[in-house]
Amino acid sequence: MAPPAPSDFIRDIVAAHVSEHKYPRIHTRFPPEPNGYLHIGHAKSICLNFGIAREFGGICNLRMDDTNPTKEDIEYVESIQADVNWLIGSWAEDRLGLKHSGKAPEAKMMDGKNDFFQPPVFGTSEAERKHSAIKLEPFYASDYFDQIYEFAVALIKKGKAFVCDLTPDQTDEFRRLGKASPFRDRSVEENLDLFTRMKAGEFPDGARVLRAKIIVDAPNIWLRDPLLYRIKTADHHQTGATWRIYPMYDFAHCLSDYIEGITHSICTLEFEVHRPLYDWILESLDLARPLPHQYEFARLSLGYTVMSKRKLMQLVEEKLVTGWDDPRMPTICGIRRRGVTALALRNFAYNIGITKYNGITDVSVLEHAIREDLNKRSHRRLAVLRPIKVVITNYPEGKVEELNAINNPENPISGGRKVPFSRELFIERDDFAEVPPPKFFRLKPGGEVRLKYAFIIKCDEVIKDAAGNLVELRCTADLDSKTGGATSARKIKGTIHWVSAAHAVDAEVRLYDRLFTVAEPDADGDFKKHLNPRSLEVITAKCEPSLKEASADERYQFERLAYFAVDKDSAPGKLVFNRTITLKDAWAKEAQKG
RNA sequence: UGCCCGAUGGUGUAACGGUAGCACAACAGACUCUGAAUCUGUUUGUCAUGGUUCAAAUCCAUGUCGGGCAACCA
């Protein structure tokens with residue numbers, strides 16, 4: 001059942017533009033800087049931008065916002081593509097705007113004006129792209145360095161930009177005071193000459209910048225003659241050593257949007273104060289086509305995690321996690337490795353909505369979206385995480401029965417399988433209590449419990465070693481109580497999972513929990529102090545034999561425990577499962593009360 | 001400090017001058033060969049004070065609180 005089409009203030013604006021035919025086509029973009037891995041906050045933005053594209057018959061370009069070569073790396077360019085492709089999958093991949101590899105913007109005349117346009121290629125699937133001879137790639141802001149440079153020259157010629165020789169500190173000081181730079185009134189000729197020489201690499205880093213000439217004492221700091229270009233003697237991951245000057249975000253972003261024909265440039269709230277500058281640049285250039293406009297929404301903050309690239313980088317570099325794709329990380333690749341599906345993530349993004357209010361979303365909303373999806377798709381399996389041995393004393397030694405088990409009660413067509421039953425079994429340690437707490441309806445001395453898909457058993461004897469440790473339970477089965485049997489209808493309050501000891505296969509199971517112990521780890525500025533020391537526990541579980549064939553494409557529910565996915569470390573003969581998320585546990589809650 | 005933005009149950013959101021609704025969470029119950037799922041029910045809310053209006057969560061004013069920006073980062 002597809003959720004109803006989402007509605008929020010940005011979609012309302014887009015819908016109004018569609019009904020008044022303001023643009024020939026709605027065109028959004030997702031523009032990460034390739035300086036880190038994408039996280040769940042980016043997922044919100046991806047779902048918004050691609051969601052709008054698919055709901056309004058538009059396109060969403062993937063663009064690398066790569067104007068600062070010293071912070072960026074090709075590693076990130078690649079991970080971003082993988083993460084976006086995974087998240088939008090069959091949902092919106094046909095809305096993904098890409099371009100032919102190496103293609104530069106088309107130069108043309110429009111209304112007697114020079115115009116640059118970089119059209120999208122769209123409507124392909126990831127599989128098609130992989131096998132096609134025609135290679136496509138994302139857009140890059142760095143593809144437009146030539147055009148952006150031309151726009152800067154045009155601005156200089158209009159007397160709207162100047163080369164400034166102030167040091168960074170002086171610039172800062174002057175801007176704070178609302179004072180004009182002494183270089184503000186340089187002639188167009190001198191500005192052109194200096195800017196050309198900046199481009200040629202004649203000056204060292206920091207020596208000069210290109211600045212917009214707007215209002216030196218504007219109330220909005222971003223209008224106080226902001227920087228447009230800086231000198232950076234650094235090679236770029238896409239353009240190599242071609243450039244020694246690089247445009248600033250504010251100059252590059254609006255122009256990149258324009259060149260790609262973006263109509264709705266959606267970003268997070270912190271760019272709100274930049275919007276007048278975004279508009280000023282585009283308007284000052286007297287451009288040929290309809291201008292893009294910027295809209296802002298609140299970024300996602302999620303409880304029990306941190307989201308900033310700086311902090312995630314710290315976790316990785318200080319080896320507090322195993323990498324960017326550690327299943328405890330809020331990165332898209334981490335969440336994916338944990339076993340969460342793209343659909344669950346998209347549903348989550350849908351559920352939290354889009355507003356301008358900065359709130360903290362409760363993790364339980366994410367967890368609910370994950371469980372809801374996994375409940376529908378997971379194959380049920382029997383596995384015992386912390387085994388204790390049970391001997392069925394009235395069951396013949398050497399006898400093995402293959403019992404029928406259902407793969408997924410939520411989905412009848414998923415069929416069933418056989419699980420072997422024998423005299424010696426494992427059950428969960430938590431499913432037995434020698435001194436049962438109130439309302440405990442699992443196994444206890446003298447008590448009865450149903451073994452799922454098998455018999456009702458009664459605990460006759462508790463065997464302990466000399467130190468008093470539990471060694472095994474000796475039980476008798478009601479041999480007529482097997483599913484379908486004469487006494488199978490007997491009402492027994494508790495049903496527990498089990499595995500035949502002789503048939504069990506061992507698997508490494510990684511039990512992941514929240515990375516932090518508090519909802520706002522960075523509230524006191526020291527997020528590492530709140531790392532959860534028990535965020536990962538690795539155990540060896542006893543699994544039913546069918547799990548030997550577990551597939552990385554499937555999801556599993558170990559009955560009564562949790563949802564699991566096969567980890568990439570898994571290999572034939574060495575099963576590794578990640579616990580994606582536990583089942584809800586009403587008993588744990590009840591037991592705590594007591 | 002200046003500029004910008006925001007404020008609806010515990011949390012996230014809807015209501016676009018006309019019955020404050022939804023989801024998560026919580027609680028209670030039904031059902032259960034998963035203490036899951038499912039089903040039923042319950043609790044909890046318009047930041048404050050004025051104003052406009054037949055009618056205000058919604059419009060206006062003031063205040064309070066919260067967030068953002070003030071990088072040769074994005």
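The sequence lines fix the lettering, A, B, ..., with proteins before strands; numbering per chain opens at 1.
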For the side chain of Lys589(A), counting heavy atoms from C-beta on, which of C27(B), C33(B), G2(B) is nearest? C27(B)
With under 30° as parallel and over 60° as perpendicular, where do the rings of Tyr295(A) and His293(A) fit, or are they tilted in between? perpendicular
Could you tell me the separation between the NZ atom of Lys309(A) and the C1' atom of A74(B), rounded to a whole number of Å? 7 Å
So what does Pro31(A) touch, heavy atoms closer than 4.0 Å: a base, only the sugar-phosphate, or nothing? nothing
By the 4.0 Å heavy-atom rule, please label Phe440(A) as base, sugar-phosphate, or nothing. base
What nucleic acid atoms does Val209(A) come within less than 4.0 Å of, heavy atoms only: base, sugar-phosphate, or nothing? base
Of the options C33(B), C73(B), G35(B), whose atoms approach the side-chain atoms of Lys71(A) most closely? C73(B)
Just compare U34(B), G35(B), G6(B) and give me whichever is closest to any side-chain atom of Tyr357(A). G6(B)
Can you check the distance between U8(B) and A20(B), where both ends of the measurement are the C1' atom (answer in whole Å)? 8 Å
Ser364(A) side chain: which of C4(B), C24(B), U34(B) is closest? C24(B)
Any sub-3.5 Å donor-acceptor pair from Arg346(A)'s side-chain atoms to Ala349(A)'s backbone N or O? no
Can you tell me how far P of U32(B) sits from OH of Tyr453(A), to the nearest Å? 17 Å
OP1 or OP2 of U34(B) less than 4.0 angstrom from a side-chain nitrogen or oxygen of Arg381(A), does that happen here? no
For Leu166(A), answer base if it contacts any base atom (sugar-phosphate contacts may also be present), sugar-phosphate if it contacts only those atoms, and nothing otherwise; contact means non-hydrogen atoms under 4.0 Å. base
Specify the separation, in whole Å, of atom NZ of Lys356(A) and atom P of C16(B). 20 Å
How far does the C1' atom of U62(B) sit from the matching atom of U52(B), given to the nearest Å? 15 Å
Considering every strand and a 4.0 Å limit on heavy-atom distances, what is the contact class for Leu227(A): base, sugar-phosphate, or nothing? base
Assess whether a salt bridge exists between Glu296(A) and Arg275(A), defined as any Lys/Arg side-chain N lying under 4.0 Å from an Asp/Glu carboxylate O. yes
Taking atom P of U34(B) as reference, at what distance in whole Å does atom CZ of Arg380(A) sit? 11 Å
Taken to the nearest whole Å, CG/Asp430(A) to C1'/U34(B) is 15 Å
Using a heavy-atom cut-off of under 4.0 Å over every strand shown, decide if His253(A) touches base, sugar-phosphate, or nothing. nothing
Spell out, as yes or no, whether a donor-acceptor pair under 3.5 Å connects the side chain of Thr487(A) to the backbone of Asp480(A). yes
Which part of the nucleic acid, if any, lies within contact of Gln557(A), taking any heavy atom under 4.0 Å across all strands shown: a base, the sugar-phosphate backbone alone, or nothing? base
Where does the angle between the aromatic ring planes of Phe271(A) and His274(A) fall among parallel (under 30°), tilted (30 to 60°) and perpendicular (over 60°)? perpendicular
Any donor and acceptor pair, going by atom type alone, linking the side chain of Arg555(A) with main-chain N or O of His379(A) inside 3.5 Å? no
Touch class at under 4.0 angstrom, heavy-atom based, for Glu559(A) against every strand present: base
Against the side chain of Thr355(A), the closest entry in U34(B), C16(B), U13(B) is U13(B)
Of the candidates C24(B), G67(B), G35(B), the side chain of Ala586(A) sits closest to G35(B)
Paired with U11(B): which nucleotide, if any, by Watson-Crick or G-U wobble criteria at under 3.5 Å for both distances? A23(B)
Using a cut-off of strictly less than 4.0 Å, decide whether Thr67(A) has a side-chain nitrogen or oxygen near OP1 or OP2 of A74(B). yes
Of the nucleotides G68(B), G35(B), C73(B), which has the atom closest to the Met248(A) side chain? C73(B)
Using ring centroids (six-membered ring only for Trp), state whether Phe421(A) and Trp498(A) fall under 6.0 Å. yes
Please check: side-chain N/O of Arg244(A) versus main-chain N/O of Met198(A), any donor-acceptor pairing under 3.5 Å? no
Just call it for Phe441(A): base, sugar-phosphate, or nothing, with non-hydrogen atoms closer than 4.0 Å on any strand. base
Please confirm whether the shortest side-chain N or O distance from Arg299(A) to OP1 or OP2 of A74(B) is below 4.0 Å. no
Heavy atoms only, 4.0 Å cut-off, all strands: where does Lys482(A) land among base, sugar-phosphate and nothing? base
Judged by each residue's nearest nucleotide on RNA chain B, which is more toward the 5′ side, Ile492(A) or Glu270(A)? Ile492(A)
Which residue lies more 5' along RNA chain B, comparing Pro409(A) with Ile354(A) via nearest heavy atoms: Ile354(A)
Under 5.5 Å between ring centres and under 30° between planes: true for Trp587(A) and the base of G35(B)? yes
Using the side-chain heavy atoms of Trp222(A), tell me which of these nucleotides is nearest: C3(B), A70(B), U32(B). A70(B)
Less than 4.0 angstrom between a side-chain N/O of His368(A) and OP1 or OP2 of C24(B), yes or no? yes
Among A70(B), U34(B), A74(B), which is the nearest nucleotide to the side chain of Arg560(A)? U34(B)
Taken to the nearest whole Å, CZ/Arg442(A) to P/G35(B) is 7 Å
Base, sugar-phosphate or nothing for Phe271(A)? Non-hydrogen atoms, less than 4.0 Å. base
From CG of Asp172(A) across to P of C73(B) the rounded distance in Å is 12 Å
Report the nucleotide, chosen from A74(B), C33(B), U11(B), that has the shortest atom-to-atom distance to any side-chain atom of Thr495(A). C33(B)
Provide, to the nearest angstrom, the distance between the CZ atom belonging to Phe251(A) and the C1' atom belonging to A71(B). 19 Å
Within the structure, does a side-chain N or O atom of Lys584(A) lie under 4.0 Å from either OP1 or OP2 of A25(B)? yes
